[in-house]
Amino acid sequence: MSEDLRNLNTYPAFYNFTAGDTTTTEILLPSPATQISLGSVGKEIYVCRNGATDGGAVPTNKMTVPQSNYIVLKLGRGINRPQSIFVASKSGNAEISIVLEEL
């Protein structure tokens with residue numbers, strides 16, 4: 001089930017949710033956000049885009065984010081900007097922490 005953050009309009013915006021380990025969760029991004037930081041204090045997580053679908057298997061093309069770390073991604077502009085990004089836990093359920101920024 002996707003996490004819809006498109007209505008967040010004050011930045012920085014903070015958001016937490018629980019992701020499972022067997023499928024990816026789509027995060028729908030608000031259009032003003034130009035940067036996203038993702039991580040989990042308790043679990044190693046995967047972050048992906050190409051080849052991922054909401055509720056689908058974790059694709060081969062992914063970024064691993066170690067436990068208690070964050071990845072900071074600048075979002076593209078115009079037609080290069082993604083409308084969503086996908087996350088999954090490497091093992092068990094993980095609380096995902098997100099920070100959205102407008103730079």
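All values derive from a computational prediction rather than experimental measurement. Residue numbers count from 1 along this sequence.
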Colleague: Do F86 and R49 have side chains that get closer than 4.5 Å, going by heavy atoms?
Modeller: yes
Colleague: Nearest 0.5 Å please: distance from the CG atom of N9 over to the CG atom of L100.
Modeller: 11.5 Å
Colleague: Using the rule that Ile, Leu, Val, Met, Phe, Trp and Tyr join whenever any side-chain heavy atoms are under 4.5 Å apart, tell me whether M63 and L73 fall into a single cluster.
Modeller: yes
Colleague: Could you give the distance from CE (M1) to OG1 (T23), rounded to the nearest 0.5 Å?
Modeller: 12.0 Å
Colleague: Heavy-atom distance under 4.5 Å between the side chains of F17 and V87, does that happen here?
Modeller: yes
Colleague: Do you know the tightest heavy-atom contact between V65 and N69?
Modeller: CG1-O, 3.4 Å
Colleague: How long is the gap from SG on C48 to NZ on K62, to the nearest 0.5 Å?
Modeller: 8.0 Å
Colleague: Is S84 close to I27 at the side-chain level, that is, under 4.5 Å between some pair of heavy atoms?
Modeller: no
Colleague: With the 4.5 Å side-chain cut-off for hydrophobic clustering, are I96 and V47 part of the same group?
Modeller: yes
Colleague: Looking at every non-hydrogen atom in both residues, tell me the closest pair between P12 and E101 and how far apart they are.
Modeller: CB-CG, 4.2 Å
Colleague: Determine whether a donor-acceptor pair (N or O, by modelled atom type, separation under 3.5 Å) exists between the side chain of K43 and the backbone of S91.
Modeller: yes
Colleague: Do the side chain of T24 and the main chain of T53 share a donor and acceptor less than 3.5 angstrom apart?
Modeller: yes
Colleague: Do P82 and L75 have side chains that get closer than 4.5 Å, going by heavy atoms?
Modeller: yes
Colleague: Do Q35 and V72 come close enough that some side-chain heavy atom pair is under 4.5 Å?
Modeller: yes
Colleague: A33 and Y11: which non-hydrogen atoms are nearest, and at how many Å?
Modeller: N-OH, 3.8 Å
Colleague: Taking the side chain from D54 and the backbone from S2, do they hold a donor-acceptor pair closer than 3.5 Å?
Modeller: yes
Colleague: Which heavy atom of T25 sits nearest a heavy atom of A19, and at what distance?
Modeller: OG1-CB, 4.2 Å
Colleague: Within a reach of under 6.0 Å around CD of Q83, are more than 12 heavy atoms found that belong to other residues, nucleotides or ligands?
Modeller: no
Colleague: For G51 versus P59, what's the shortest heavy-atom pair and its separation?
Modeller: O-CB, 3.8 Å
Colleague: To the nearest 0.5 Å, how far apart are OG in S97 and OH in Y15?
Modeller: 11.5 Å
Colleague: Shortest non-hydrogen contact from Y70 to G39?
Modeller: CD2-N, 3.5 Å
Colleague: Rounded to the nearest 0.5 Å, how far does CD1 of I98 lie from CZ of F14?
Modeller: 12.0 Å
Colleague: I'd like to know whether CG of N16 has more than 12 heavy-atom contacts from other residues, nucleotides or ligands below 6.0 angstrom.
Modeller: yes
Colleague: Does V99 belong to the same Ile/Leu/Val/Met/Phe/Trp/Tyr cluster as I85, with side-chain heavy atoms less than 4.5 Å apart forming each link?
Modeller: no
Colleague: Drop me the distance from K74's NZ to R81's CZ, to the nearest 0.5 angstrom.
Modeller: 14.0 Å
